[in-house]
Amino acid sequence: MQNKYLLKIAILALIITSCSTKRHTEIENPTEFKNGEWISNTDSLSGISIRKGKLAFFKNMKFTADSIYDYKVVDSIIPIGPGKNRFKSFIKRMSIVDTLYSEIIEFSDSTIILKKNNFAEVYKLK
């Protein structure tokens, strides 16, 4: 009897959470970042290396082969009300195993600012 009650609660919770999930639309953005090393403002031995359509985050000036990803910039559009949308841009990193997203706060030809652990991480092209 108690198992049936717990199962009903679990199903109801699943329905409620799935109904409240906001759907988003992903649109490819033609932005490409300049090739080179983008050095972190907080740790000069860390950053992003971009070459030939590939991207890798590095630490202590090193990265491994499995940390190299194809990447593209995508825009996410989330409906938040009638006629209202929220737009965000992301770096979408793709490999055979993974797809990872890093939110772009701002970028220019020489600066990329990403949201990392709820903080802004600034990278400068060197």
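- Under a 4.0 Å N-O distance rule, the pair R93/D70 does not qualify as a salt bridge.
- Of the residues K59, E121, K124, the one that meets the side-chain hydrogen bond (donor to acceptor under 3.5 Å, both in side chains) test with S40 is E121.
- Across all non-hydrogen atoms, the minimal contact from T31 to F107 is CG2-CE1, 3.5 Å.
- Taking OG of S110 as the start and NZ of K126 as the end, the distance is 9.5 Å to the nearest 0.5 Å.
- Atom-to-atom distance recorded for L100:CG and M94:CE is 10.5 Å, nearest 0.5 angstrom.
- Using cut-offs of 30° and 60° for the angle between ring planes, the Y71 and F33 rings count as parallel.
- N118 CG to E103 CD: the interatomic distance, rounded to the nearest 0.5 Å, is 9.5 Å.
- Across every non-hydrogen atom of D98 and Y69, the tightest pair is OD2-OH, 3.5 Å.
- Nearest heavy atoms, K92 versus T99: CE-CG2, 3.7 Å.
- Y123 OH to N41 CG: the interatomic distance, rounded to the nearest 0.5 Å, is 10.0 Å.
- Between N35 and I50, some side-chain heavy-atom pair lies under the 4.5 Å cut-off.
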- Query: Step by step, would you call Y101 with S76 a side-chain contact (heavy atoms from CB on, under 4.5 Å)?
  - Reply: CA-CA 11 Å; Y101 293 85; S76 177; over 6 Å; no
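- Taking 4.5 Å as the limit, every side-chain heavy atom of E37 sits out of range of all side-chain heavy atoms of M61.
- Two residues are said to be in side-chain contact when any heavy atoms from C-beta on lie closer than 4.5 Å; I39 and F58 meet this criterion.
- In this structure, NZ in K54 is found 12.0 Å from OG in S67, a value given to the nearest 0.5 Å.
- With respect to the salt-bridge test (charged N to carboxylate O, under 4.0 angstrom), the residues K88 and E26 do not qualify.
- For the residue pair F63 and S49, the shortest heavy atom distance occurs at CE2-CB, 4.1 Å.
- The nearest pair of heavy atoms linking I48 to L114 is CD1-CD1, 4.0 Å.
- Both L55 and I104 belong to a common hydrophobic cluster when Ile, Leu, Val, Met, Phe, Trp and Tyr are linked at side-chain heavy-atom distances under 4.5 angstrom.
- The two atoms that bring N29 and S89 nearest to each other are ND2-OG, 4.4 Å, heavy atoms only.
- Judged purely by distance below 3.5 Å, without hydrogens or angles, the side chains of E106 and T111 never pair a donor atom with an acceptor atom.
- F119 and V122 sit in two unconnected hydrophobic clusters of ILVMFWY residues. Membership requires side-chain heavy atoms under 4.5 Å apart, directly or through other members.
- Tracing side-chain contacts under 4.5 Å through hydrophobic residues (I, L, V, M, F, W, Y), one reaches V73 starting from W38; they form part of the same cluster.
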